[in-house]
Asks: 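Structure below; questions to follow.
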Amino acid sequence: MALMAELKPSSMSRVVRGRDLVLLIGALVLVVISTLALQQLPDVSPTTVALALLLIVLGTATIGRLRVAIVVAVAGMLAFNFFFLPPLRTFTIADPQNWIALFAFLVVAVIASNLSASAQERTREAIARRNEVTRLFDLTRDVLLTSDTAGAIDAVARHVARRFELTRVAVCLPVDAGWRIVQGGTETLSIEPAILDGAFAKARGVLEFDARHRAYGGHATTGARQEVSIVPLRHGTHAVGLLVAEAPGLDIGALDAIAGVVAIAIERAQFLAERDAAELVRQKADLAATLLASLSHDLRTPLTAVKVAIENLRGQLSTDERQAQAAAAGAEIDRLARLVQDILDMARVDAGAIQIDRQWVTASDIVDAAIAHVQHAVEGHPLDVSVAEEAEVQIDPRLTSAALSHLLENAAQYSPAGAPIQVVGHADEAGLSISVMDRGPGLDPAELEHLFERFYRGRAGRAGSFGTGMGLSITRGLLAAAGGRVWAENVPGAGARFSLNVPGAVRAVSVAE
C-alpha cells in the first residue's frame with residue numbers, strides 16, 4: 001500500500017487494475033477448488049459449504065476491492081446453489097429454506113465485503129494523509145535549508161515538483177509588468193495572464209475556509225487537455241501570488257497546504273533579503289568607522305614628519321643635514337603614496353574591478369619586483385632569496401608582485417631589527433608558489449582565522465602601533481581575483497611563514513629563449 005501511494009497516479013491505476021485482475025482470478029480458482037473438494041466429502045452439510053465459501057469471499061474482501069469481492073460472492077453463491085442445494089446440477093431450488101440460506105449467504109458476503117472495503121479505503125486515506133504530511137515536512141525542511149535569497153523562489157518551485165512528483169508546476173508572483181512565473185517541473189506550464197489576473201482577484205476577496213475540502217477559498221481550475229489547479233499563496237489573509245500545478249493525484253486540500261508552505265518560503269526569502277541588506281548597511285558603516293580610525297594615525301604621522309622636515313629645511317643646515325631632512329621627507333611621502341595605493345587596491349577588490357593581464361614570467365621576476373616595491377620597508381633585514389628559474393609561469397605579474405610585497409612588508413614589520421627574511425619560490429604544474437618566512441614572534445593560533453580580515457591586526461601589531469591592517473586583506477583579494485590563494489602557518493623554532501600560490505600554465509625557460 002505504501003508503495004502504491006508513492007507511485008504516480010497513472011502508474012498507480014494500472015497497478016491497481018492488474019492487481020484486482022490477479023486477485024479475482026485467484027479467488028475464482030479457490031472457489032472452484034473448494035467446490036470440487038467439498039463434493040468429495042460424504043454427506044457434506046450445506047452449512048459447511050456456505051461457511052467454506054464465505055471464508056473465500058471474506059478473504060478476498062480483506063485484501064481486495066469491493067467490486068472484486070462482490071463478483072467472488074456471486075460466483076460462490078452460484079456454485080453453492082448449483083452443486084450443493086437440491087435439486088443438484090441445476091439453479092432451481094426446491095426447498096424454501098434453501099432460498100433463505102442462499103439469500104443469507106449472499107447478504108453476509110456483500111455486507112462483509114462492504115465493511116472490509118470501507119476499512120481498506122480508510123487505510124488508504126490514512127496512508128495518503130501520512131505521505132502528504134511527510135512530503136510537506138520534507139518540503140518545509142527544504143525551505144529552511146535554502147539560504148540563497150537570490151534563487152529562493154526558483155529553489156522552492158523545484159522542491160515542490162520533486163517532493164510531490166509533479167511534472168508541471170509554477171509559482172506565479174505579480175510584478176509591475178505583469179507576472180513573474182517560476183517553473184519548477186520538468187515541463188513548462190503555460191497559462192494566460194488574464195486567467196492569472198482573474199484568479200488573483202478572486203483570491204483577494206473574502207477569506208473563507210472549506211472544511212469539506214480542507215482548503216481556503218479562492219482556488220480555481222482551468223485547462224482543456226489536462227485540468228490545472230490554481231491555488232492562492234497567502235501571507236496570513238493577504239494574497240501574494242498563485243501556485244499553478246497539474247496535479248491529478250492531489251486534492252485541493254493538499255495543494256492548499258503546499259501553497260501555505262510556498263508562501264512561508266517567499267516570506268522567509270524576503271526577510272532574509274532584508275536582513276542581508278541591513279547587515280550590508282551595518283558592515284559599510286563599521287567599515288567607514290574602522291577606516292577612519294585606522295587611517296587617522298597613519299595619515300597624521302607621515303604628514304607631521306614631512307611638515308617638520310620642511311620647517312627644518314628652511315633653517316640654516318649643513319649640506320649633509322639638508323640631505324638627511326630631504327630623505328626623511330621623501331620616505332614619508334613614499335609612505336603616504338603606499339597608503340593611498342592600499343586604499344585604492346582595497347576599493348578595487350571590493351568593486352571587483354581588477355583586470356587580469358597574464359604574461360610569461362619567472363619566480364625571480366615576481367620576487368625582484370616585490371622587493372623593489374618595498375625596499376624601504378625591508379631595509380635593515382637581510383634577504384635570503386632562494387628562487388628557481390628553470391620555468392616560466394603565465395600569470396599577472398603586477399597583481400602577484402603587489403600581493404607578495406605586502407607579505408614582505410608584513411614580515412619586516414614583525415621581525416626584530418637585523419633579523420633575516422627568507423623568500424623561497426618556484427614554478428611547477430600547480431603554478432607559481434612563493435613563501436616568506438620571518439623571525440618574528442609567530443602567529444597566535446587563536447588569531448589565524450582572522451589574519452586576512454580587513455583592518456585586523458594581531459596583538460603584536462596593536463602593541464607596536466604600526467600598520468593599518470589592510471595589507472593581508474589586500475593580498476587575499478588580489479590573489480583571489482587571479483584565482484590564487486594565500487595562507488599562513490607557524491614554523492617551529494623560527495617565526496611565521498606566509499605562502500601564496502597562483503595557478504597558471506608553466507613552460508621551461510629554454511623553450512621561451
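All values below come from the heavy atoms of this structure, side chains included, with hydrogens, waters and symmetry mates left out.
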Asks: Could you give me the CA-CA distance, side-chain angles and deciding distance for Val228 and Val244, then say whether side-chain contact (heavy atoms from CB on, under 4.5 Å) is met?
Replies: CA-CA 7 Å; Val228 176; Val244 184; 3.3 Å; yes
Asks: Taking the side chain from Glu321 and the backbone from Ser318, do they hold a donor-acceptor pair closer than 3.5 Å?
Replies: yes
Asks: Does any non-hydrogen side-chain atom of Ile258 lie less than 4.5 Å from one of Leu139?
Replies: yes
Asks: For the side chain of Thr400 and the backbone of Pro397, is there at least one donor-acceptor N/O pair under 3.5 Å apart?
Replies: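 Pair absent, no side-chain N/O of Thr400 close to backbone of Pro397.
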Asks: How long is the span from the CG atom in Leu166 to the CZ atom in Arg158, to the nearest 0.5 Å?
Replies: 15.0 Å
Asks: If every non-hydrogen atom of Ser415 is compared with every non-hydrogen atom of Gly440, which pair is closest and at what distance?
Replies: OG-N, 4.1 Å
Asks: Does the side-chain contact (heavy atoms from CB on, under 4.5 Å) test come out yes or no for Leu242 and Val231, once each step is laid out?
Replies: CA-CA 6 Å; Leu242 298 171; Val231 184; over 6 Å; no
Asks: With heavy-atom distances below 4.5 Å as the criterion, would you say the side chains of Leu243 and Ile230 are in contact?
Replies: no
Asks: If you round to the nearest 0.5 Å, how far is NE2 of His426 from OG of Ser433?
Replies: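 Ser433 atom OG to His426 atom NE2 measures 4.5 Å (nearest 0.5 Å).
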Asks: Kindly indicate whether the side chain of Arg163, heavy atoms from C-beta on, has any atom under 4.5 Å from the side chain of Asp142.
Replies: yes
Asks: Under a 4.5 Å cut-off applied to non-hydrogen side-chain atoms, are Val143 and Val261 in contact?
Replies: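 In contact.
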Asks: Give me each pair satisfying ring-ring contact (aromatic ring centres under 6.0 Å, His included) with a member in residues 243-275, each pair once, sequence neighbours excluded.
Replies: none
Asks: Evaluate the side-chain proximity of Asp384 to Ile421: yes if any heavy-atom separation is below 4.5 Å, no if none is.
Replies: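 A side-chain contact is absent here, since even the closest heavy-atom pair is not under 4.5 Å.
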Asks: In Å, rounded to the nearest 0.5 Å, how long is the span from NE2 of His373 to NE2 of His406?
Replies: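 Between His373 NE2 and His406 NE2, I get 6.5 Å after rounding to 0.5 Å.
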Asks: Name all pairs fulfilling the side-chain hydrogen bond (donor to acceptor under 3.5 Å, both in side chains) condition that reach into residues 478-490, sequence neighbours left out, sorted by first residue then second.
Replies: Glu489-Arg497
Asks: Return the minimal non-hydrogen interatomic distance between Ala496 and Asp438, and the atom names on each side.
Replies: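 Closest approach of Ala496 to Asp438, heavy atoms only: N-OD1, 2.8 Å.
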Asks: Begin with the C-alpha distance, continue with both residues' side-chain angles, and end with the deciding distance and a verdict on side-chain contact (heavy atoms from CB on, under 4.5 Å) for Cys172 and Arg180.
Replies: CA-CA 6 Å; Cys172 305; Arg180 177 193 173 195; over 6 Å; no
Asks: Can a donor-acceptor pair be found, under 3.5 Å and without considering hydrogens, that links the side chain of Arg168 to the backbone of Ala245?
Replies: no
Asks: Keeping Gln183 on the side-chain end and Leu189 on the backbone end, is there a donor-acceptor pair under 3.5 Å?
Replies: yes
Asks: Restricting to non-hydrogen atoms, name the atom on Ala259 and the atom on Pro232 that form the minimum distance, rounded to 0.1 Å.
Replies: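 Between these two residues, the closest heavy atoms are CB-O, 3.4 Å.
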Asks: Please list all pairs meeting salt bridge (Lys or Arg N to Asp or Glu O under 4.0 Å) that have one or both residues in residues 355-373, counting only residues at least two apart or in different chains.
Replies: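 Applying salt bridge (Lys or Arg N to Asp or Glu O under 4.0 Å) to every pair that reaches into residues 355-373, excluding sequence neighbours, yields nothing.
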Asks: Is Asp138 salt-bridged to Arg135, going by a charged N under 4.0 Å from an acidic O?
Replies: no
Asks: Measuring from Glu390:CD to Arg507:CZ, what's the distance to the nearest 0.5 Å?
Replies: 15.5 Å
Asks: At what distance, to the nearest 0.5 angstrom, does CD1 of Ile266 lie from CG of Leu173?
Replies: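 Taking CD1 in Ile266 and CG in Leu173, the distance rounds to 4.5 Å.
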Asks: With a 4.5 Å cut-off on side-chain heavy atoms, are Val506 and Asp428 touching?
Replies: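 No, side chains not in contact.
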Asks: Where is the tightest heavy-atom contact between Ala161 and Val169, given as atom of each residue plus distance?
Replies: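 Heavy atoms of Ala161 and Val169 come nearest at CB-CG1, 3.6 Å.
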Asks: Search all heavy atoms of Leu432 against all heavy atoms of Ala363 and return the closest pair with its distance.
Replies: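 Closest approach of Leu432 to Ala363, heavy atoms only: CD1-CB, 3.6 Å.
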Asks: I need the Gln359 CD to Ile395 CD1 distance, nearest 0.5 Å.
Replies: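 If we round to the nearest 0.5 Å, Gln359:CD and Ile395:CD1 are 9.5 Å apart.
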Asks: Do side-chain atoms of His381 reach the backbone of Ala419 as a donor and acceptor pair under 3.5 angstrom?
Replies: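 Flag set: sc His381 to bb Ala419 pair under 3.5 Å.
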Asks: Can you list the residues that meet the ring pair (Phe, Tyr, Trp, His ring centres under 6.0 Å) rule with Trp179, with sequence neighbours excluded?
Replies: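 Checked Trp179 against ring pair (Phe, Tyr, Trp, His ring centres under 6.0 Å); matches are Phe200.
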Asks: Test side-chain contact (heavy atoms from CB on, under 4.5 Å) on Ile181 and Leu196; report intermediate values, then the result.
Replies: CA-CA 10 Å; Ile181 300 178; Leu196 295 178; 4.1 Å; yes
Asks: Who pairs with Pro503 by side-chain contact (heavy atoms from CB on, under 4.5 Å), at least two apart in sequence or on another chain?
Replies: Asn501
Asks: Work out which heavy atom in Met437 is nearest to a heavy atom in Arg439; give both atom names and the distance.
Replies: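 Looks like CE-NH1, 3.3 Å.
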Asks: Please tell me if the side chains of Leu407 and Leu472 come closer than 4.5 Å, counting only heavy atoms from C-beta onward.
Replies: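 Answer yes - side chains close enough.
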Asks: Quick one: does Phe498's side chain get under 4.5 Å of Asn410's, heavy atoms only?
Replies: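 Answer yes - side chains close enough.
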Asks: For residues 307-315, tabulate all N or O donor-acceptor pairs below 3.5 Å that involve a side-chain atom, not counting sequence neighbours.
Replies:
unit_1	atom_1	unit_2	atom_2	d
Glu311	OE2	Arg314	NH1	3.2
Asn312	ND2	Val308	O	3.3
Asn312	ND2	Gln325	OE1	3.1

